[in-house]
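First comes the structure, then the notes that go with it.
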Amino acid sequence: MGDARYFGDGLTYLNPSDLKGKLIAIEGTDGVGRSTHLEMLQEWLEVQGYGVITTGWTRSNLMSKTIEAAKAGNILDHWSLSLLYATDFADRLEHQIIPALRSGFVVLADRYIYTAFARDFVRSGDRKWIRDVFGFALIPDLVCYLRIDVETLALRVIETTGMNYWESGMDLRLGDDLYDSFKKYQSLMIKEFDKMAEEFHFNVVDARKSPEEIQEELRGHILPVLQNSKRTADLEPVGVQREP
Amino acid sequence: MTDHGYAKSPSHPYPGKLIIVEGIDGSGKSTQLLLLHKWLESKGHKVFFTEWNSSDLVKDTTKRGKKTKSLTPTTFSLLHATDFASRLYHHILPPLKAGMLVLADRYMYTAFSRDVVRGVSRDWVRKLYAFAIKPDMAFYYKIPIETAISRLLRGTRGQFKYYEAGMDMNLSPDVTESFRMFQSQILAEYDKIVDEFGLLTMDATQDIEAQQEHMRALVEDALRGYKPRRGTYGRRTLFWRRFDIPKSE
């Protein structure tokens, strides 16, 4: 990402211009199959010889325990919840993502700032504050959005992991039970993701297709991003020895 | 500095009053707030007190970050904003809505000075706290750095706190020197904040009694027209404590 840029007010103490790797974000609502596809993408990239790291939402060393504790206590205000996500993201950005990009890795992000944007927006109705908060985030080289309709999603989640409190947005009291709440909450999330897909030019992938087809499409989006950097490298004069 | 609007936004709509104090360690602001608290209660007011960085959530996480030396200026700032948000929602808004007086030892201006000195963007940290409400009164206890140091060294504490001395910033291996360098920069930031947000500057080098007399006069003036609300005549109970985040570790 030779011309890496911050989303808003960036890290004043960290210049992002020397980041060689590629940052690829996979977005989509809960239960849409992101992690399965990330594993397959990592395998595929490593076979081709790319160094890959993956980074997941709320997985930072600093914050994962704190967030679990906060969620168990059912935080009531959206500010604290969003700020906990932001702290987790900042920890991973500075200790994981940026160092990996500097060393030329491909970074696959399971969810990115857009998840935080959607979650905060459905709770607050305001887009500005949360986007200001995440101003220090790097703009990814590519965002793939696994899009699904809420009917298919509900069936899929019940068949696999089951619905949980937070995935159903129960803190918002949108429905009488888990199922109603899940559908209303995820509909709002999908609506907001769709809006952002246009605004931020996500590559939309239909998540109702077979896993093979989805994987094929994802690879189709990722390949040009990686080849771009190679091509730039190839343009460097060959055989010319630079004096130190 | 760009104008973000909210800082100069009109006062909050709640019947209570929010009074905050700011200043570096050793400025005596906590003593002044304590004395104000006593006086207000003696006058029959219902007063609720809250202070910066008091939740278990942030304490535990900061401890973890300190152990692994992994806190960055940005995560440090975000953690304190999280704590502030949770405190605003659980501890500050309910008593204000109930018509009480809320006294806060440090407010968002602490982040505007300290976090900027640690290295985050001035604009960003102001946007981060855009959800905060404007205090009805904000006192800044201004003190020369040498006076603060000598107070802290001969005071009951007798030493500097690790983060207040900015020891994690490697300014100097000597804790007093580190405190001097770090807090001097913070004082310079406070000077900008005082103008930007219209804080009331108090001379913290005066005698405690003289300072308190001045503070009480200003508060009395500001509370003219404020109608205290009375719930019970017995001992006050802090019902909102129930919403604190339980420790699961």
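If you're wondering where the values come from, they're calculated on a predicted model, not measured in any experiment. In what follows, chains are A, B, ... by sequence order, proteins preceding strands, each numbered from 1.
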Q | Rounded distance [0.5 Å steps], OH in A/Y6 versus OG in B/S121 | A | 11.5 Å

Q.
Tell me which one of A/D88, A/L93, A/T87 satisfies side chain to side chain contact (heavy atoms under 4.5 Å, CB included) with B/T75.
A. A/T87

Q. So, for B/A85 and A/D77, which heavy atoms are closest and what is the spacing to 0.1 Å?
A. O-OD2, 3.8 Å

(Q) Counting only heavy atoms from other residues, nucleotides and ligands, does the tally under 6.0 Å from CG of A/N61 exceed 12? (A) no

Q: Kindly determine whether B/T74 and A/L11 satisfy side chain to side chain contact (heavy atoms under 4.5 Å, CB included), including the steps that lead there.
A: CA-CA 8 Å; B/T74 304; A/L11 304 173; 3.0 Å; yes

**Q.** Trace of the side chain to side chain contact (heavy atoms under 4.5 Å, CB included) decision for B/L78 with A/F89
**A.** CA-CA 10 Å; B/L78 283 165; A/F89 178 82; over 6 Å; no

(Q) Go through it in stages, so that I can follow the logic: the residues are A/T66 and B/R64, the test is side chain to side chain donor-acceptor pair (under 3.5 Å), and I'd like the CA-CA distance, side-chain angles, deciding distance and then a yes or no. (A) CA-CA 10 Å; A/T66 310; B/R64 192 179 308 136; 3.1 Å; yes

Q: Determine whether more than 12 heavy atoms belonging to other residues, nucleotides or ligands lie under 6.0 Å from atom CG of A/N15.
A: yes

Q. Is chain B contacted by the side chain of A/D126, its backbone, both, or neither, given a heavy-atom distance below 4.5 Å?
A. neither

Q: Hey, could you give me the CG/OG distance between A/L81 and B/S86, rounded to the nearest 0.5 Å?
A: 11.5 Å

(Q) If you count heavy atoms of other groups shown closer than 6.0 angstrom to NZ of A/K183, is the number above 12? (A) yes

**Q.** Residue pair B/P73 / A/Y13, side-chain heavy-atom distance below 4.5 Å
**A.** yes

Q) Which pair of heavy atoms, one from B/T72 and one from A/E94, lies closest together, and at what distance? A) OG1-OE2, 2.7 Å

Q) Under a 4.5 Å cut-off applied to non-hydrogen side-chain atoms, are B/L128 and A/D132 in contact? A) no

Q: Quick one: do A/T12 and B/W124 satisfy side chain to side chain contact (heavy atoms under 4.5 Å, CB included)? Show the steps, please.
A: CA-CA 10 Å; A/T12 48; B/W124 178 73; over 6 Å; no

(Q) For A/L62, which atoms come within 4.5 Å of any heavy atom of chain B: side chain, backbone, both, or neither? (A) both

Q. Any side-chain heavy-atom pair from A/D9 and B/R122 closer than 4.5 angstrom?
A. no

Q. For atom CD of A/E39, is the number of surrounding heavy atoms from other residues, nucleotides or ligands below 6.0 Å larger than 12?
A. no

Q: For B/D60 and A/K65, run side chain to side chain contact (heavy atoms under 4.5 Å, CB included): C-alpha distance rounded to whole Å, both residues' side-chain angles, the deciding distance at 0.1 Å, then the answer.
A: CA-CA 10 Å; B/D60 292 351; A/K65 279 183 184 168; over 6 Å; no

Q) Aromatic rings A/W129 and B/F131: how do their planes relate, parallel, tilted or perpendicular, breaks at 30° and 60°? A) perpendicular

